[in-house]
Amino acid sequence: MEAREEMTRKPALVDRRAADLAKIDVEIERLSKQLAGKKSAIDADKRLHALDQNADLQKRLGAEANKIGELIENLRDKRFKAEIGEAAEIPAPKPSTPPTEPTQRRAWDLQPAQEPEYPAVARTAANHKTFSDAFDRLSAFCVYRRALALKAAGCHPDDRVPLDLAAAIAAQSQASFIWLAHRCQAMETRLAEIENRPAAEHRANTKPLQRSVTKVLKHDATGRIAEFEKVDGEAEQIDVWQRLEQVEKQLSQVQGGGIRYAGVWSQDKKYTPGEFVTHGGAMWAAKVQSTGVKPGEGGLCWQLAVKAGRDAR
């Protein structure tokens with residue numbers, strides 16, 4: 001029964017045009033992936049620093065990308081012909097070219113150079129050659145260091161560099177030179193202004209800086225400021241006066257190297273800063289000048305020194 005059904009089954013129909021189009025689409029997709037990979041590698045190398053880019057690699061990948069692009073265009077043309085009924089065959093891959101002989105490259109001819117010291121002297125017409133010779137030695141040192149770095153990176157002295165890259169490197173060097181020249185000129189102008197300022201004896205008649213301070217003369221019974229005066233004068237004189245007043249205030253608080261005890265506090269007695277009194281079983285220190293202010297009530301006038309203790313039992 002199965003054998004009879006096998007004999008009566010119809011042969012499968014194959015659409016030749018659809019098959020050709022499918023083969024061409026597969027080949028276009030494969031080549032498109034290769035093209036994208038080549039372009040990605042070129043873009044990655046171009047994103048590197050100008051001195052780290054590989055011009056030969058970019059050139060080779062660009063030629064390969066152009067070739068793959070031509071193959072893709074041919075396949076698209078054949079696909080169009082297949083769609084309108086013309087025969088379209090997938091081109092057979094071309095045989096790979098035999099490997100070429102390795103290119104003979106020149107060796108690096110490096111001349112070691114030491115970094116010179118900058119001549120830290122005033123530039124004059126007589127010592128111009130000293131600066132020019134130092135600059136030539138510095139240039140030779142920079143060339144040696146740059147060539148040494150390229151040799152370590154696997155580059156060769158006969159490798160070609162695109163003109164746009166060479167122009168960019170030269171322009172950057174020129175821009176740095178011009179920028180530093182402007183900076184040096186600005187500093188030399190500023191230095192000339194400083195050197196041309198008049199000496200100290202020539203500025204003796206200039207008006208000194210002025211300052212003003214408030215000097216406290218008296219406190220009231222509650223310790224608040226009752227009298228004061230405004231003192232104007234030169235800044236240096238005011239500063240000296242303030243420091244002297246501070247020293248006198250500190251000395252007034254100490255007499256004979258000990259504590260100035262003024263006895264039991266009295267309503268009518270005048271107390272000055274630094275004096276100590278006893279009141280209510282405690283010892284108090286006068287902070288400001290006062291009269292009639294009871295210790296413990298005028299917070300601005302008195303400071304508790306020794307607290308009163310409990311009665312012995």
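Across all their heavy atoms, P116 and A134 have their closest contact at CG-O, 3.7 Å. When all heavy atoms of P112 and Y144 are compared, the closest pair comes out as CA-CE1, 3.5 Å. The nearest pair of heavy atoms linking D158 to R106 is OD2-N, 3.2 Å. Between L304 and A282 the shortest heavy-atom distance is CD1-CB, 3.7 Å.
Residues D136 and S139 have side chains that never bring a donor and an acceptor to within less than 3.5 angstrom of each other. Side-chain contact of S266 with Y271: a donor-acceptor pair under 3.5 Å is absent, judged by distance alone.
Comment: K67 does not engage E64 in a salt bridge, judged by the lack of any side-chain N to carboxylate O separation of less than 4.0 angstrom. Remark: K81 engages D77 in a salt bridge, criterion side-chain N to carboxylate O under 4.0 Å. Salt bridge annotation for E27-K23: absent, with no cationic side-chain nitrogen under 4.0 angstrom from a carboxylate oxygen.
More than 12 heavy atoms of other residues, nucleotides or ligands lie within 6.0 Å of CD in E193, so this atom counts as buried by the packing criterion. Taking a 6.0 Å sphere around CG of L163, one finds it holds 12 or fewer heavy atoms contributed by other residues, nucleotides or ligands. Counting heavy atoms of neighbouring residues, nucleotides and ligands inside a 6.0 Å radius, atom CZ of R146 does not exceed 12 of them. Around the CZ atom of F135, the shell of radius 6.0 Å holds no more than 12 heavy atoms that belong to other residues, nucleotides or ligands.
Cluster membership check: I24 shares its hydrophobic cluster with I72, using side-chain heavy-atom separations under 4.5 Å among Ile, Leu, Val, Met, Phe, Trp and Tyr.
Checked against side-chain hydrogen bond (donor to acceptor under 3.5 Å, both in side chains), D45 has the following partners two or more places apart in sequence or in another chain: Q58.
Of the options W284, W302, W265, a side-chain contact (heavy atoms from CB on, under 4.5 Å) to K294 is made by W265 and by none of the others.
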